[in-house]
Every structure is written in C-alpha cells, then in structure tokens.
Amino acid sequence: MAPRKNSTDDLLAPVTLAVGQEDLLLDRAVQEVVAAARAADADTDVRDLGPEQLQPGTLAELTSPSLFAERKVLVVRNAQDLSADTIKEIKAYLDAPFEEITLVLLHAGGAKGKGLLDAARKAGAREVACPKTTKPAERLTFVRQEFRTLGRSATPEACQALVDAIGSDLRELASAASQLTADVEGTIDEAIVGRYYTGRAEASSFNVADRAVEGRAAEALEALRWSLSTGVPAVLITSALAQGVRAIGKLSSARGSRPADLARELGMPPWKIDRVRQQMRGWTPDGVSLALRAVAEADAGVKGGGDDPEYALEKAVVAVARAARLRR
C-alpha cells in the first residue's frame, strides 16, 4: 500500500505522531487533535491510553466499527514502551486506518521502539516535533512564540526577563505569558515582567548584577539585601555577577559594531548586545579584571571559604560597582 501523505495542517489526519520528550508540547499536540475532532463532532469519544492499558487485542477492540459511526480519538502515550505484540498490531492498523478514527502516537524518539516510529512515518503520519528544550535560546524562542500565539506584543527584554525569572519549565513559562497577557494591556515590557516576577530567584540575582555593573552601588546593595531576605541562594548572585562582568569584558574586546555580527561572535542575542553596550560605559580593562577577582573571592566565600557569605556578597557588589566607575 502506498504511503499516505498527510498535511501537517490536517489535525484530523488518520495518524498523528508526536515525537519528543517535552511534556507540554506533547500534551498540546494531543489537545489540538482532540479540539479539532470535537469541532467536527461534539460527541467524539476520546481514549487516552498508556502501554499498560494497551494490551494485545485492545486496539482491535477500540477500533472495531460502531453502529453509530462515531468519531474516535485514540491517544497512545509512551509508544516506545509498548509490547512487541501491541506494536505489531499498531503497524498492521497503520496500513488501513479507519476514516472516523484518529490515532495519536506519543513517542519519545530515540532507539527504543524505533520500528514503530519508522512504520508510522512510512505510513505518512502527520508528525509534530516535541523536543526537550535544553538551551536558553530555545526557551527564549518559545516565550516569543507564546506571546505571538496569544496575540500580544512583548519586547525582547521582557521575553528574556521572563526566561531569567521562571527558568526552564515550559509549563511555567507558558502560564506566566498567559497571566501577563490576561492582566496587562498594551506592550509587555521588562518593567512589567519585573513587577510580576521580581520575587523569582533568577530574576532577583540578575537585578543585583545589572545594578552593580551599571555602577549603581546603593541600588545594587538594596536589591542584594532584598534577594537574600527572600531566600535567593548566594551562589546564584555570584554567578549573575560573574556573567554580567564577563559580558562586558567580551564585548569590550570584540571586533565589529553591528549587533547581529557581535551576537554571532559572542553567543549573545542582539538585544543583550545593546544592553551590555549601555552597561559598559565607564568600564576599563583594569576594571573588568578587578571586578572578576572580587566576584571570584565572593564565590569562594559563599561556598564555605569565608565566615560571612552576606558580607562577601556585599563586598563584591561594592567592588563591581566601583570598578564600573574607574574611568569616570
């Protein structure tokens, strides 16, 4: 039988294959198919099954013709873990799927269960990529897309601030974007994100670092004390300080002037190039060297090398802020 070529836009294709390990994206792939099926038939029967529920013979029972010809959506999670006999049954079904049934296979990818993966692709399954996001740039792209999908405008700085504040959990990032969209009118900027999520550890630590590398010692110390009082780990603050100073050092020694070129060279998004350019005014090579030494001493202090981690952090923040003003 010739493979069926299903459009990626056809949510009611006979077979949808969602491949990857990002739970949010896998769930969304299922939700989209179910929503499309229920839009076509409000009485659609949805069965969500794991490997332990899909035993040999179960598929044949679920796909048997109905007297009422009702539409069905069969969701099979962790398809890579199905038994050999069940995989054999699914492969046979792929050759002749029923018109009123949409089969959704969720597969982690990789070598385990690859035979089923290959068979679904050969049969022309509609495929949805659901890769695990492991890089900050991927999470930033996800947040931007979330705001676009929600029909809202968010500045690049706001998107980055949200990633810094929330971290790597896509569900939390999606929830935060949805909350901001519901609560705020107009363009969402960095200040708005800060008001909503300033209590998050990552956001607090980068706020301390930003104020310090800008030479604003009093504001940096205030942000530091607030962060520590809310339980932000000291190591996150020293890490943020180190990143801030290193970014200034990298940009000050980089060649070229266009943000896009510098972004490629330094591995930073273009918007961050613009921010660091503003922060580096007043910095000298000696200042960068002094600041890095101060941060290294603080890092050792908060990791057991000193008696008072808070004092070590305060000393580093003041040293970085002073280093930012050596040229002034």
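All values below come from the heavy atoms of this structure, side chains included, with hydrogens, waters and symmetry mates left out.
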Q: If only side-chain N and O atoms count, and only distance matters, is there a donor-acceptor pair under 3.5 Å linking Thr181 with Ser178?
A: no

Q: Quick one: do the Ser289 and Arg293 side chains pair a donor with an acceptor below 3.5 Å?
A: yes

Q: Quick check: do Val317 and Val208 have side-chain heavy atoms less than 4.5 Å from each other?
A: yes

Q: Is there a path of hydrophobic side-chain contacts, each under 4.5 Å between heavy atoms of I, L, V, M, F, W or Y residues, that connects Val235 with Ile237?
A: yes

Q: State, without any angle test, whether Gln145 and Thr141 hold a side-chain donor-acceptor pair at a distance under 3.5 Å.
A: no

Q: How close do Leu117 and His107 get, heavy atom to heavy atom, and via which atoms?
A: CD1-CG, 3.7 Å

Q: Can we say Arg28 and Glu146 salt-bridge, meaning some charged N sits less than 4.0 Å from an Asp/Glu carboxylate O?
A: yes

Q: Any side-chain donor-acceptor pair under 3.5 Å between Arg71 and Thr44?
A: no

Q: Any donor-acceptor pair under 3.5 Å linking the side chain of Ser227 with the backbone of Ala223?
A: yes

Q: Is the CD atom of Gln55 crowded by more than 12 outside heavy atoms at less than 6.0 Å?
A: yes

Q: Is Glu127 salt-bridged to Arg121, cutoff N-O under 4.0 Å?
A: yes

Q: Are more than 12 heavy atoms from other residues, nucleotides or ligands located less than 6.0 Å from atom CD of Glu222?
A: no

Q: Quick one, Arg225 with Glu310, criterion salt bridge (Lys or Arg N to Asp or Glu O under 4.0 Å). Give me CA distance, side-chain angles, the key distance, then yes/no.
A: CA-CA 9 Å; Arg225 288 161 189 156; Glu310 291 190 15; over 6 Å; no

Q: For a side chain to side chain donor-acceptor pair (under 3.5 Å) check, start with the C-alpha distance between Thr16 and Arg126, then their side-chain angles and the critical distance, and finish with the verdict.
A: CA-CA 5 Å; Thr16 285; Arg126 167 182 173 266; 3.0 Å; yes

Q: Does Arg322 have more than 12 heavy atoms from other residues, nucleotides or ligands lying within 6.0 Å of its CZ?
A: no

Q: Answer yes or no: is there an ion pair linking Lys122 with Asp118, defined by an N-O contact shorter than 4.0 Å?
A: no

Q: Using a 6.0 Å cut-off, check whether atom CZ of Arg171 has over 12 heavy atoms from anything other than its own residue.
A: yes

Q: Are Leu24 and Val143 connected into the same hydrophobic cluster when the rule is that any two of I, L, V, M, F, W, Y join if their side-chain heavy atoms are below 4.5 Å apart?
A: yes

Q: Take atom CD of Glu52 as the centre, draw a 6.0 Å sphere, and report whether it contains more than 12 heavy atoms from other residues, nucleotides or ligands.
A: yes

Q: Do any N or O atoms from the side chain of Tyr93 and from the backbone of Phe98 form a donor-acceptor pair under 3.5 angstrom?
A: yes

Q: Does the pair Arg281/Glu214 count as a salt bridge with the N-to-O cut at 4.0 Å?
A: no

Q: Charged N to carboxylate O under 4.0 angstrom, Arg77 versus Asp27?
A: yes

Q: Are Leu49 and Val34 linked, directly or through other ILVMFWY residues, by side chains that come within less than 4.5 angstrom of each other?
A: no

Q: Tell me whether the count of non-hydrogen atoms from other residues, nucleotides or ligands lying under 6.0 Å of NZ in Lys132 goes above 12.
A: yes

Q: Quick one: do the Gln243 and Arg246 side chains pair a donor with an acceptor below 3.5 Å?
A: no

Q: Would you say Phe147 and Leu180 make side-chain contact, with heavy atoms under 4.5 Å?
A: yes

Q: Is there a path of hydrophobic side-chain contacts, each under 4.5 Å between heavy atoms of I, L, V, M, F, W or Y residues, that connects Val104 with Leu11?
A: no

Q: Can Glu138 and Lys135 be counted as an ion pair, charged N to O under 4.0 angstrom?
A: no

Q: Check whether any side-chain heavy atom of Thr86 sits under 4.5 Å from a side-chain heavy atom of Ile90, and report yes or no.
A: yes

Q: Is there a path of hydrophobic side-chain contacts, each under 4.5 Å between heavy atoms, that joins Leu26 and Val128?
A: no

Q: Output yes when Asp81 and Lys112 qualify as a salt bridge under the 4.0 Å nitrogen-oxygen rule, no when they do not.
A: yes

Q: Between Ala37 and Val73, what is the shortest heavy-atom contact and its length?
A: CB-CG2, 3.5 Å

